[in-house]
Amino acid sequence: MDYKKTLNLPNTGFPMKANLAAKEPNQLSAWESEGLYPRIREMSKGRPQFILHDGPPYANGHIHIGTALNKILKDIIIRSRQMAGFDAPYVPGWDCHGLPIEHNVDKELGSKKKEMTQAQVRRQCRVYAEKFIDIQRNEFKRLGVMGEWDNPYLTMNYPYEATIAKECCKFALDGSLFRSKKPIHWCCSCKTALAEAEIEYHDETSPSVYVKFALKDDPAQIDDRLAGRNVAVVIWTTTPWTLPANLAVALHPDFDYAAVEVDGGQVLILARELVDDCMKIFGFADYRILAEFKAGALENKRCQHPFYDRDSLIILGDHVTLEAGTGCVHTAPGHGREDYDVGLQYGLDAYSPVNDNGVFTDDVKLFAGQFVFKANDAINQTLADRGVLLAKTDIAHSYPHCWRCKRPVIFRATPQWFISMEKTGLRKKALEEIDQVQWIPHWGRERIFGMIENRPDWCVSRQRAWGVPITVFICEKCDTVHMDEATMNHIHDQFAAHGADVWFEKDVHELMPEGAVCKHCGHTGFTKEDDILDVWFDSGVSQAAVVEARDYLRWPADLYLEGSDQHRGWFHSALLTAVGTRGKAPYKAVLTHGFVVDAEGKKMSKSLGNVVAPKAVIDKYGAEILRMWVSASDYRDDVRISDTILKQLSDAYRRIRNTSRFILGNLSDFAPRDDALPVDQMLEIDRFALHKLQGLIDRALKAYDTYEFHVIYHRLYNYCTVDLSSFYLDILKDRLYTSPPASRERRSAQTAMYAILDAMARIMAPIMPFTAEEIWKHMPAMPGKAESIHLVEFPKVDAGLTDDALAAKWETLINVRAEVTKALEKARAEKVIGHSLDAAVTVGLSDDLYTVMADFAPDLRTILIVSGAEMVQAELAGAYKGQETEGVWVQVASAGGEKCQRCWVHDDSVGTIADHPTICCRCRDALTQIDLAGTGA
């Protein structure tokens with residue numbers, strides 16, 4: 001007889017090979033054709049809302065691995081909140097304006113651009129952005145990201161542009177938007193002002209020079225001992241190119257200064273504390289201090305500019321330090337923020353004789369027409385020729401660069417538009433709101449708090465074509481800003497109907513409401529501003545243009561999630577625009593993730609050859625493995641990726657998949673409604689398995705609530721490999737395969753396995769949506785079963801299945817079993833046995849352990865997966881001694897009896913049954929029951 005046919009061997013259409021890369025697109029098409037996302041939205045009506053507001057990626061180029069990390073994290077959160085019982089819509093968006101797009105369009109247009117109007121160039125930029133929105137949309141969808149892809153938000157959509165304009169007008173209405181000439185970061189390559197968020201710092205080598213500024217006023221007014229002396233104040237700078245704009249020398253009001261006589265009778269003034277160090281740098285071995293005095297003695301004295309015929313005023317400022325230099329700071333108010341601030345106190349002009357290209361203007365004698373950085377050498381030579389250069393070295397230091405073109409930037413005073421941090425209390429209110437927000441990780445609070453606390457006024461103007469204009473009008477007569485409710489609403493309506501291009505296509509009188517009059521002077525003639533807004537303003541007001549504007553969303557959002565660089569970017573601009581116009585933060589919580597690095601922790605770089613492209617990963621492994629990578633990482637730190645890491649995850653995926661497949665294979669004849677057993681009729685080990693399942697569910701739900709997805713991944717993987725494959729399912733195989741199909745023993749196991757797989761699939765669904773859906777499709781049907789797993793909720797912890805006393809007993813058994821397994825491995829290595837079913841074991845136990853283990857005696861053979869097992873309450877001489885659990889001794893011997901051809905257990909009854917001489921009594925009884933069931937007896 002072929003006894004294999006009498007076994008309940010696994011049977012399922014769920015394939016062992018996932019073939020993810022090929023099958024995932026088909027699943028995505030099925031979800032789309034079934035209208036899964038709209039069905040989820042419809043099903044969710046009336047639930048409490050959870051709003052994760054999408055920070056818009058830039059519509060330029062293909063997505064990179066960091067973008068994939070970000071979008072997958074968002075999708076896991078949206079799916080998990082949805083399955084936790086919330087209504088969690090996801091509206092993706094794109095940032096569409098700005099220089100990178102304009103720059104690429106400029107390259108495409110070439111010389112044609114000169115013949116085009118600004119409006120025509122803008123239309124080309126729109127087409128370019130649309131192209132990459134479509135590309136990126138498909139790339140995001142391929143990651144399995146679910147959302148409102150047919151109705152995303154775009155910062156270049158007309159209604160969005162209208163909102164940007166209106167929010168800008170609100171700042172003009174309350175007076176916090178103002179125009180001023182003050183130094184800002186300027187990119188000479190991109191020819192535009194830059195915001196703090198558009199600056200990154202890299203090491204640069206710059207010339208470090210010490211320069212004498214001859215004192216013009218009588219030095220005796222400072223100290224009698226200096227009467228008749230040749231006195232000079234010594235400054236230090238690493239930007240010699242700013243010396244043509246020097247108007248002052250700043251000293252700290254609280255520092256002590258010294259007049260030092262050096263070779264030749266020259267007297268140098270510098271901070272007392274720095275004298276010795278500076279003399280070494282200057283090469284003066286012999287020097288003496290003639291006098292010491294406070295900085296106040298020098299205030300408002302005049303120095304001679306080192307190479308121009310003009311004065312340099314000595315002023316006092318708290319920004320002066322003793323960390324480097326001389327304690328006397330070269331001050332060019334047009335080229336430095338602190339210089340500008342202290343210069344204001346003394347009525348100094350923000351003089352900045354540098355044009356948009358970074359070239360000195362014609363009024364700069366000696367250096368006109370030279371690029372500022374290249375002029376350093378000529379300026380230093382001039383200083384040397386005039387005998388005022390005391391020392392020159394090169395210094396490596398951190399220097400601001402443009403984050404787009406990666407070139408060094410300059411500080412340059414030009415007329416720009418700013419949003420005041422002080423006039424309406426924006427800084428104070430923003431800092432107060434920061435403490436109303438949950439920052440994850442917690443250090444995010446300190447980071448953004450420090451940035452807001454110390455930031456200057458927000459420079460919001462840019463000198464480019466592709467963006468939303470600063471929608472203000474200037475009175476031709478009194479040069480004041482004109483803004484009122486009527487003007488704001490008129491601009492909004494025109495932008496909503498025609499887009500921001502209308503600003504560049506229409507005359508001023510068409511853009512303003514009829515009868516507009518300057519409220520300051522009564523004049524009716526106006527000009528319009530040509531500068532565009534900082535794109536951070538565009539994305540910052542998404543809280544108004546999206547979250548507030550769409551009636552199925554809710555303001556403020558529950559969560560913003562982006563990379564940690566967005567504390568100075570989107571989190572920052574969103575906070576300022578919301579607090580400035582609504583008095584509240586636009587988010588309740590902010591979660592940040594780190595950057596993606598290679599296996600050694602190095603930044604991704606084409607030059608290093610360590611860039612990992614999402615498409616390459618998907619083509620090789622499938623999006624599911626990329627999603628597992630995201631979930632397996634503690635994303636709050638930098639996240640490592642490599643082919644080795646992906647292979648490890650692919651192996652882990654196979655373990656989870658094969659565990660699921662094994663369970664599915666053993667549920668092929670199980671109808672949950674008809675065949676499931678009540679808990680009180682289930683076998684003890686099955687009840688213990690359900691107890692363990694509750695722990696998995698509880699920990700997973702808590703981890704989803706706190707966004708700790710790596711906890712879920714590791715718990716699920718360990719559950720499949722340790723709790724199921726290595727223990728429960730391993731023990732279960734004998735009972736599942738050999739018991740009669742409808743027996744209590746088999747139905748008990750199937751009842752537990754169905755509950756386990758149902759919970760596992762739901763838990764993994766937000767992280768592995770493709771595999772969870774595939775499992776769901778192959779699970780036994782039951783009335784009311786949802787068509788998709790993404791239409792159901794998470795499993796809930798069932799307190800009725802939790803049994804701590806039972807668990808304690810079984811945990812003891814697991815510890816003892818682990819020692820038996822080690823003993824069997826040792827016996828196998830010593831060739832005493834082959835398979836564990838070739839063994840008979842005797843387990844010696846201490847008194848305490850024996851008391852607990854006594855209940856397991858009838859099932860011990862099955863639990864240990866051996867052919868014979870007995871327990872004794874004694875230490876066994878010469879036996880294997882437990883390593884991790886004290887009081888356990890194990891003797892392993894070859895099992896007696898012949899091997900049953902049906903269950904493979906060695907048993908003395910094999911050969912004693914006339915009709916079935918090759919099987920054991922247990923299998924003979926099972927066959928009898930199967931025969932009886934088959935005849936309906």
Side-chain angles (χ1 to χ4, degrees), residues 12 14 24 27-28 30-50 52 74-90 144-148 624 627 631 656-657 659-661 663-664 667 670-676 690 693-705 709 712-713 715-716 719-720 750-801:
T12 178
F14 185 83
E24 286 170 348
Q27 183 60 76
L28 289 169
W31 282 333
E32 195 155 342
S33 63
E34 293 162 7
L36 179 60
Y37 181 76
R39 288 172 64 189
I40 292 172
R41 296 277 62 77
E42 184 65 29
M43 176 194 73
S44 303
K45 285 182 179 177
R47 290 180 175 184
Q49 281 193 309
F50 179 88
L52 184 157
K74 290 173 180 172
D75 189 59
I76 292 173
I77 290 173
I78 290 292
R79 289 179 183 273
S80 64
R81 292 298 82 203
Q82 190 68 47
M83 293 187 74
F86 290 88
D87 177 11
Y90 177 59
V145 178
M146 179 176 64
E148 204 166 313
E624 203 82 313
R627 295 178 69 99
S631 72
I656 294 171
R657 182 180 183 88
T659 302
S660 303
R661 184 173 184 269
I663 296 175
L664 284 170
L667 293 175
F670 181 72
R673 187 180 66 173
D674 301 326
D675 297 332
L690 293 180
L693 176 64
Q694 305 317 302
L696 172 71
I697 295 169
D698 181 57
R699 190 65 188 93
L701 297 187
K702 287 176 179 174
Y704 273 124
D705 282 344
F709 308 125
I712 299 162
Y713 162 77
R715 284 298 179 100
L716 185 62
Y719 181 72
C720 286
Q750 289 177 315
T751 301
M753 287 194 303
Y754 179 83
I756 287 168
L757 188 58
D758 180 78
M760 274 177 48
R762 293 173 192 243
I763 288 169
M764 74 171 74
I767 292 169
M768 296 185 281
F770 298 101
T771 304
E773 186 75 302
E774 191 179 3
I775 292 169
W776 188 258
K777 299 288 187 188
H778 286 85
M779 283 185 70
M782 63 181 298
K785 180 186 174 187
E787 187 178 338
S788 168
I789 195 168
H790 304 297
L791 293 168
V792 302
E793 294 187 13
F794 280 137
K796 292 180 172 56
V797 174
D798 185 343
L801 298 177

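If you read the sequence from its start, that first residue is 1, and numbering goes on from there.
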[X] (side chain) donor-acceptor with [Y] (main chain) under 3.5 angstrom:
{"X": "Glu773", "Y": "Ile789", "value": "yes"}
{"X": "Arg699", "Y": "Arg715", "value": "no"}
{"X": "Glu774", "Y": "Phe14", "value": "no"}
{"X": "Lys777", "Y": "Ser788", "value": "no"}
{"X": "Gln82", "Y": "Phe86", "value": "yes"}
{"X": "Asp75", "Y": "Met146", "value": "yes"}
{"X": "Tyr754", "Y": "Phe670", "value": "no"}
{"X": "Gln750", "Y": "Ala676", "value": "no"}

How close do [X] and [Y] get, heavy atom to heavy atom, and via which atoms?
{"X": "Ala786", "Y": "Val792", "answer": "CB-CG1, 3.5 Å"}
{"X": "Pro780", "Y": "Pro672", "answer": "CB-CD, 3.7 Å"}
{"X": "Phe50", "Y": "Pro89", "answer": "O-CD, 3.9 Å"}
{"X": "Pro38", "Y": "Gly35", "answer": "CD-O, 3.1 Å"}
{"X": "Arg627", "Y": "Pro766", "answer": "NH2-O, 2.8 Å"}
{"X": "Gly85", "Y": "Arg47", "answer": "O-CD, 3.3 Å"}

Interatomic spacing from [atom1] in [X] to [atom2] in [Y] - rounded to 0.5 Å:
{"X": "Thr12", "Y": "Leu664", "atom1": "OG1", "atom2": "CG", "value": "4.5 Å"}
{"X": "Ile663", "Y": "Met779", "atom1": "CD1", "atom2": "CE", "value": "9.0 Å"}
{"X": "Gln27", "Y": "Leu36", "atom1": "CD", "atom2": "CG", "value": "8.5 Å"}
{"X": "Leu693", "Y": "Asp798", "atom1": "CG", "atom2": "CG", "value": "9.5 Å"}
{"X": "Thr771", "Y": "Glu624", "atom1": "OG1", "atom2": "CD", "value": "3.5 Å"}
{"X": "Leu52", "Y": "Ile78", "atom1": "CG", "atom2": "CD1", "value": "4.5 Å"}

Should we say atom [atom1] of [X] is surrounded by more than 12 heavy atoms from elsewhere, each under 6.0 Å from it?
{"X": "Lys702", "atom1": "NZ", "value": "no"}
{"X": "Glu34", "atom1": "CD", "value": "yes"}
{"X": "Arg41", "atom1": "CZ", "value": "yes"}

Side-chain heavy atoms of [X] within contact of [Y], under 4.5 Å:
{"X": "Asp705", "Y": "Arg81", "answer": "yes"}
{"X": "Met768", "Y": "Leu716", "answer": "yes"}
{"X": "Leu667", "Y": "His778", "answer": "no"}
{"X": "Ser660", "Y": "Leu757", "answer": "yes"}
{"X": "Ile712", "Y": "Tyr704", "answer": "yes"}
{"X": "Lys74", "Y": "Val145", "answer": "no"}
{"X": "Ile756", "Y": "Tyr719", "answer": "yes"}
{"X": "Met760", "Y": "Cys720", "answer": "yes"}

What's the verdict on ring-ring contact (aromatic ring centres under 6.0 Å, His included) for Trp31 and His790, showing C-alpha distance, side-chain angles and the deciding distance?
CA-CA 10 Å; Trp31 282 333; His790 304 297; 5.2 Å; yes
Apply the test side-chain contact (heavy atoms from CB on, under 4.5 Å) to residues Ile697 and Phe794: give CA-CA distance (whole Å), side-chain angles for both, the deciding distance (0.1 Å), then the verdict.
CA-CA 9 Å; Ile697 295 169; Phe794 280 137; over 6 Å; no
Residue pairs passing the salt bridge (Lys or Arg N to Asp or Glu O under 4.0 Å) test where at least one lies in residues 752-763, sequence neighbours excluded:
Asp758-Arg762
